[in-house]
Amino acid sequence: EGPDLAGDGQDTNCDGVDGDIDLAIFVAKNGNDQALGTRFEPMLTIQAALDLAYASGMRDVYVASGVYSESVNLQEGVGLFGGYSADFESRNTLVYETAILGQEPSEALPATVNGDSLGIGNDADQTILDGFTIFGANAANVAGENSYAVYLWACGSGLELRSNRIFGGAGGNGSNGGPGSDGLDGFA
């Protein structure tokens, strides 16, 4: 019997969650970023959980239903899974919708979900994004600004996006063009 992988709808190791409690950091709307990130002491933000999972060698981040207003940077080898109930006992991405609302774009985080050089090479650890509704930031009030929901740069086959609903936000209007030249004189 192999490892209990998140996202397959099964709790094959009988630890109470779809995935592996011992290899995950948990996130919930009632969490705290100074918490341990366990099932009963979840973190509050997805990015803090991704960073902790990467630094501590955890395989996954499990996110409970809710709306998370942040932009995130995926971490190499860390799976990010949404769609969990508040107690993490059930996972259903439609019933327990987990939304990420992008914040104002920056050079470091141009999109709601960002990834740079992930999953490259045969020995790359698998990075997964699964079970989220992702909204690009609203950039309609900033002339010429883009709105990206997901921005991936130079990534390889070790990066997998699955079962997500992705919506770009409104982009800003372009700047005004230059004045046109005078037309030709009319003739009688």
Main-chain N/O of [Y] paired with [X] side-chain donor or acceptor, under 3.5 Å:
| X | Y | value |
| --- | --- | --- |
| R165 | F132 | no |
| Y62 | D20 | yes |
| S71 | Q103 | yes |
| T98 | G82 | no |
| Q75 | A53 | no |
| E97 | G83 | no |
| E76 | G119 | yes |
| K29 | V67 | yes |
| N164 | G131 | yes |
| D51 | A48 | no |

So, taking the atom named [atom1] in [X] and the one named [atom2] in [Y], what distance separates them when rounded to the nearest 0.5 Å?
| X | Y | atom1 | atom2 | answer |
| --- | --- | --- | --- | --- |
| M43 | T38 | CE | OG1 | 10.5 Å |
| L129 | L161 | CG | CG | 4.5 Å |
| L184 | D182 | CG | CG | 10.0 Å |
| I134 | I166 | CD1 | CD1 | 4.5 Å |
| I25 | L52 | CD1 | CG | 4.0 Å |

**Prompt:** Using 30° and 60° as the class limits, which term best fits the ring planes of Y148 and Y151: parallel, tilted or perpendicular?
**Reply:**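 Aromatic pair Y148/Y151 classed tilted.
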**Message:** Students often mix this up, so state it plainly: with edges at 30° and 60°, are the rings of F26 and F88 parallel, tilted or perpendicular?
**Reply:**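 Geometry flag for F88 against F26: perpendicular rings.
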**Asked** Would a hydrophobic clustering, with Ile, Leu, Val, Met, Phe, Trp and Tyr connected at side-chain separations under 4.5 Å, put V27 with L109?
**Response**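 V27 and L109: separate clusters.
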**Request:** Indicate if L74 and V78 have the same hydrophobic cluster label, given that clusters are the connected sets of ILVMFWY residues with side-chain heavy-atom separations under 4.5 angstrom.
**Result:**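 Same hydrophobic cluster.
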Minimum heavy-atom distance [X]-[Y], with the two atoms named:
| X | Y | value |
| --- | --- | --- |
| S147 | G168 | OG-C, 4.2 Å |
| D33 | T45 | OD2-OG1, 2.6 Å |
| D60 | A6 | OD2-CB, 4.0 Å |

**Asked** Take atom CD in E104; do more than 12 heavy atoms of anything else shown fall under 6.0 Å from it?
**Response**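 Not more than 12 within 6.0 Å, no.
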**Request:** Indicate yes or no: does D130 engage R91 in a salt bridge with an N to O separation below 4.0 Å.
**Result:**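 Yes, D130 and R91 are salt-bridged.
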